[in-house]
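Below is a structure I'd like to ask you about.
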Amino acid sequence: MSAYSLTVGHANLGRARTVTPVRESMDTIRHLLEQHAGPVVLGLNEIDEGDKTRPTDHQLLRETFTHGWQRTQMSKREPILLHGIKVRQPWRRRSYKAAPGVTHQSPSRSWQVDVVTPAKGCPPVAVLCGHYPAGARNGQRNPHVHDELEAAYVKMQAAEKRLIAAHLAAGRQVVILADRNWRGYRPGAGGHIAAHHGPDFISVFPAAGWRLHVADESWHPLSIEKLHGLSVAGLRFESVA
């Protein structure tokens with residue numbers, strides 16, 4: 001196959017005080033993404049992170065994303081949801097520890113990874129979903145706290161680079177959905193920013209012999225929080241071999 005397409009979305013649902021905006025935001029995300037034809041991948045951040053709402057975020061995901069949606073990494077704060085596409089077998093969904101927690105500042109962080117095949121005869125796509133520690137590259141912290149957060153941030157970056165290199169070496173496209181808590185992020189050699197709003201990024205590393213064309217990119221506000229919304233990018237991978 002010389003070309004194929006994939007729609008990807010990312011949203012940080014934040015720390016909610018009441019369940020109403022969470023439910024509204026999930027309904028909005030589902031409605032917007034189901035308008036896109038073809039396979040869809042959604043990465044979410046801060047699911048049940050610091051929330052005390054009932055039903056929980058995870059329970060709302062189970063109630064909202066049904067009828068064609070596959071929910072993965074549902075034991076984590078960074079679940080991945082799929083529509084019109086399934087996790088590639090025999091690949092098993094994996095979680096990779098990435099950064100230690102910093103007391104009263106940031107919980108421990110990890111990368112969630114799914115490998116999917118959007119179309120027959122095309123390279124699989126490795127989807128990474130994660131959330132970087134806050135306070136290292138944004139905001140203000142006491143120097144000793146900042147140093148701890150920066151050390152955690154660097155460890156998460158290193159884990160990301162190792163995962164990218166491993167999946168590219170296996171011949172896969174790599175799509176990364178993340179709240180990076182850093183507006184100045186750049187993906188580095190071979191990487192592309194497909195969508196960006198504030199600290200939230202969708203970045204892509206095409207496999208060898210393939211190039212990326214971003215067919216469309218958009219951002220949609222959500223009722224849960226002003227800073228974060230839903231970022232969407234239409235990705236088209238084209239063979240150059």
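Positions are given from 1 along the sequence.
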**Study point:** Glu148 and Arg141 ion-paired at < 4.0 Å
**Key:**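 Here Glu148 does not pair with Arg141 in a salt bridge, since their nearest N and O are not under 4.0 Å apart.
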Exercise for review: Could you tell me whether the side chains of Ser110 and Gln112 share a donor-acceptor contact shorter than 3.5 Å?
Suggested key: yes
Exercise for review: Determine the minimum heavy-atom distance between Ala98 and Ala159, stating which atoms define it.
Suggested key: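 Heavy atoms only, the tightest pair is CB-CB, 4.0 Å.
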**Study point:** In one Ile/Leu/Val/Met/Phe/Trp/Tyr side-chain cluster, 4.5 Å: Val41, Leu44
**Key:**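 Result: no, two separate clusters.
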Review point. Is Val127 reachable from Leu33 through a run of hydrophobic residues whose side-chain heavy atoms are each under 4.5 Å from the next?
Key: no
Point to revise | Under 3.5 Å donor-acceptor, Ser25 side chain and Pro21 backbone | key: yes
Check your understanding: CG/Asn138 to CH2/Trp182 distance, rounded to the nearest 0.5 angstrom?
Key -> 11.0 Å
Practice item. Spell out, yes or no, whether Ile193 and Val232 are grouped together once hydrophobic residues are joined by side-chain heavy atoms under 4.5 Å, including indirect joins. Key: no
Exercise for review: Could you tell me how the ring of His196 sits relative to the ring of Phe201: parallel (under 30°), tilted (30 to 60°) or perpendicular (over 60°)?
Suggested key: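 If you compare the ring of His196 with that of Phe201, the planes turn out parallel.
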**Study point:** Pair Glu238-Arg236, salt bridge (Lys or Arg N to Asp or Glu O under 4.0 Å): steps then yes or no
**Key:** CA-CA 6 Å; Glu238 301 173 346; Arg236 180 172 174 82; 3.3 Å; yes
**Study point:** Smallest separation among heavy atoms of Pro79 and Ile47, with atom names
**Key:** CD-CG1, 3.6 Å
Check your understanding: So, Asp27 side chain and Glu24 main chain: donor-acceptor pair closer than 3.5 Å or not?
Key -> no
Check your understanding: How many angstroms lie between atom CG of Leu177 and atom CG of Leu42, to the nearest 0.5 angstrom?
Key -> 8.0 Å
**Study point:** Distance in Å, Thr7 OG1 paired with Ile85 CD1, rounded so as to fall on 0.5 Å steps
**Key:**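 It comes to 10.0 Å.
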Practice item. If a pair satisfies side-chain hydrogen bond (donor to acceptor under 3.5 Å, both in side chains) and one of its residues is in residues 48-57, list it, with sequence neighbours excluded. Key: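 Sorted pair list: Arg15-Glu49, Asp48-His58, Glu49-Arg77, Glu49-Arg109.
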Review point. Looking at Pro206 and Leu168, what are the two nearest heavy atoms and their distance?
Key: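 Pro206 and Leu168 have their closest heavy atoms at O-CD2, 3.5 Å.
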**Study point:** Arg30 (side chain) donor-acceptor with Thr66 (main chain) under 3.5 angstrom
**Key:** yes
Practice item. Classify the ring geometry between Trp69 and His83 as parallel (under 30°), tilted (30 to 60°) or perpendicular (over 60°). Key: tilted
Check your understanding: Pro118 and Tyr4: which non-hydrogen atoms are nearest, and at how many Å?
Key -> CG-CE1, 3.8 Å
Point to revise | Expected output: side-chain His146 to main-chain Ala136 donor-acceptor under 3.5 Å | key: yes
Review point. Is it true that Leu61 and Leu82 fall in one hydrophobic cluster, defined by side-chain heavy atoms closer than 4.5 Å?
Key: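 As far as the 4.5 Å side-chain criterion goes, Leu82 and Leu61 are not connected within one cluster.
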Point to revise | Arg17 atom CZ, neighbour heavy-atom count above 12 within 6.0 Å | key: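 At most 12 heavy atoms, drawn from other residues, nucleotides or ligands, come within 6.0 Å of this atom.
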Review point. Sub-3.5 Å donor-acceptor pair from the side chain of Tyr96 to the main-chain atoms of Leu163, do we have one?
Key: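 No: the side chain of Tyr96 does not pair with the backbone of Leu163.
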Practice item. Would you check if the side chain of Asn142 reaches a backbone N or O of His144 as a donor-acceptor pair within less than 3.5 Å? Key: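 Side chain of Asn142 to backbone of His144, a donor-acceptor pair under 3.5 Å: no, none is there.
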Exercise for review: Give a yes or no on whether the backbone of Ile80 and the side-chain of Thr72 come within a donor-acceptor separation of less than 3.5 Å.
Suggested key: yes
Check your understanding: Is there a path of hydrophobic side-chain contacts, each under 4.5 Å between heavy atoms of I, L, V, M, F, W or Y residues, that connects Val8 with Val40?
Key ->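 The answer is no; the residues belong to distinct hydrophobic clusters.
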Review point. For Pro55 and Arg23, which heavy atoms make the closest approach, and how far apart are they?
Key: CD-NH2, 3.9 Å
Check your understanding: Would a line drawn from the ring center of Phe205 to the ring center of Trp210 be shorter than 6.0 Å?
Key -> no
Point to revise | Gln157/Tyr185 under side chain to side chain donor-acceptor pair (under 3.5 Å): CA gap, chis, key distance, verdict | key: CA-CA 11 Å; Gln157 279 184 316; Tyr185 161 75; over 6 Å; no
Point to revise | Single hit among Glu78, His10, His228 for side-chain hydrogen bond (donor to acceptor under 3.5 Å, both in side chains) with Asn45 | key: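 Of all the options given, the one that passes is His10.
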Practice item. Check whether the side chains of Tyr132 and Glu160 place a donor and an acceptor atom closer than 3.5 Å, and report yes or no. Key: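 Yes.
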Check your understanding: For the atom pair CG (Leu230) and CD1 (Ile29), what is the distance rounded to the nearest 0.5 Å?
Key ->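 These two atoms lie 5.5 Å from each other.
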Practice item. To the nearest 0.5 angstrom, please state how far the CG atom of Leu149 sits from the OG atom of Ser106. Key: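 Answer for the CG-OG pair, Leu149 versus Ser106, is 6.5 Å.
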Point to revise | Gln35 atom CD: more than 12 heavy-atom contacts under 6.0 Å | key: yes
